[in-house]
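Since the structure comes first, as structure tokens, the remarks are kept for the end.
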Amino acid sequence: MSRLLHYGSRLAALGAAAGTGWWFGFTSRELDGLPEGLFSGVFGKVSAAALQGYSMQAPAELAPLNPDVPRVTEIMQYGFPSLNNVRARADYVISYDARNRVPYWVCEHLTADRLAKNPDVDRSKCDFHEDPSIHEYFRSENQDYKGSGFDRGHMAAAGNHKLSQFDCNQTFLLSNMAPQVGKGFNRDKWNELESYCRKLTRSYASVYVCTGPLYLPRQEEDGKLYVKYQVLGPNHVAVPTHFFKVVVCETQSGDFELESYLLPNAAIEDSTPLTTFLVPEEVIERASGLLFFDKLSKKSFKKINGKKVGWF
DNA sequence: TTTACTGT
């Protein structure tokens, strides 16, 4: 039997918006069979400065909330999805895909404190600029996006980093961007999902978000599966077919909940509820080659995609 | 409110 199964009618909206609705199937294999601490300890002995890879010095007020713990350690405490080209920014962490000139993933840690209104931070003062920490062969540039019809879509959202102007500025590095359909997606349904993640900080102590692009296979007329995507500009910046967001919410008492979203990079009807795009985390892990929050036992989640989980 | 583009 084919390993590629149509994932179900619930995802029809994804396929309909993006084209043929083929999907990575998955078996009923145990979700918690993954090796414990696959990446744990790797970064425990490496200083945040060593990971920085970027010469801009963060001002003193950007110290982590807990001065004994580097910010990167707070953001990544439940595991790195992968270890390729990792850079720690002031308030988010990125793994950069040098071949596609977009991120593999970005991780953020949201709290109500850090999202509080700050009159000192003005998004309109921010400008998109290329990332000098990326080798010049692999950087995306503004000219790649200009006239392409695609937005420079933030993976780590600007609206999530309002503690200082510096934090906000760093989200405008082009290494943090991927081409997104503007109207109907980046400025609408995707924006709604980002806004929803911020809203979660009203009811949870911490919200951990991992975001990134996907390039999913589609069945073509010959019946075979192909991965096909447009590339933009002189640097051939890849246009992802989909984007994912994996969200872990932590309560004051240390309970965890997980939600995982997968959206097509296409205009989405405004009336479509976000819950339409909930998929099992495993679908995104198999499609991306990443493992999310792998330091957290799968059994620690009290709720997954809005449903209470009984592990006993 | 936040997301960004295009044209001036």
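Per chain, numbering begins at 1; letters A, B, ... match sequence-line order. Computation of the quantities below employed the complete heavy-atom set of this structure, encompassing side-chain atoms and omitting hydrogens, waters and symmetry-equivalent molecules.
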Looking at [X] and [Y], does any basic side-chain N land under 4.0 Å from a carboxylate oxygen?
| X | Y | value |
| --- | --- | --- |
| A:Arg286 | A:Glu282 | yes |
| A:Glu257 | A:Lys302 | no |
| A:Arg187 | A:Asp151 | yes |

Using whole Å, report how far [atom1] of [X] lies from [atom2] of [N].
| X | N | atom1 | atom2 | value |
| --- | --- | --- | --- | --- |
| A:His161 | B:dT2 | NE2 | P | 13 Å |
| A:Met155 | B:dT3 | CE | P | 12 Å |
| A:Asn142 | B:dT6 | CG | C1' | 15 Å |
| A:Phe128 | B:dT6 | CZ | P | 11 Å |
| A:Asp151 | B:dC5 | CG | P | 5 Å |
| A:Glu192 | B:dT3 | CD | C1' | 12 Å |
| A:Asp188 | B:dT3 | CG | P | 13 Å |
| A:Leu115 | B:dT2 | CG | P | 10 Å |

Quiz prompt | Close side-chain approach of A:Met177 to A:Phe128, heavy-atom, < 4.5 Å | solution = yes
Practice problem: Using only side-chain N and O atoms of A:Arg152, determine if any of them is under 4.0 Å from OP1 or OP2 of B:dC5. | Solution: yes
Quiz item: Can you name the one residue among A:His109, A:Lys162, A:His161 that meets side-chain hydrogen bond (donor to acceptor under 3.5 Å, both in side chains) with A:Asp91?
Solution: A:His161
Quiz item: Does A:Gly149 or A:Ala157 map to a spot on DNA chain B nearer the 5' end, using the closest nucleotide for each?
Solution: A:Ala157
Give [X] one of three labels, base, sugar-phosphate or nothing, depending on what nucleic acid heavy atoms sit under 4.0 Å from its own.
| X | value |
| --- | --- |
| A:Gln180 | nothing |
| A:Lys162 | sugar-phosphate |
| A:Gly159 | sugar-phosphate |
| A:Phe185 | nothing |

Self-check item: A:Asn186 (side chain) and B:dT3 (base): donor-acceptor pair under 3.5 Å
Solution: no
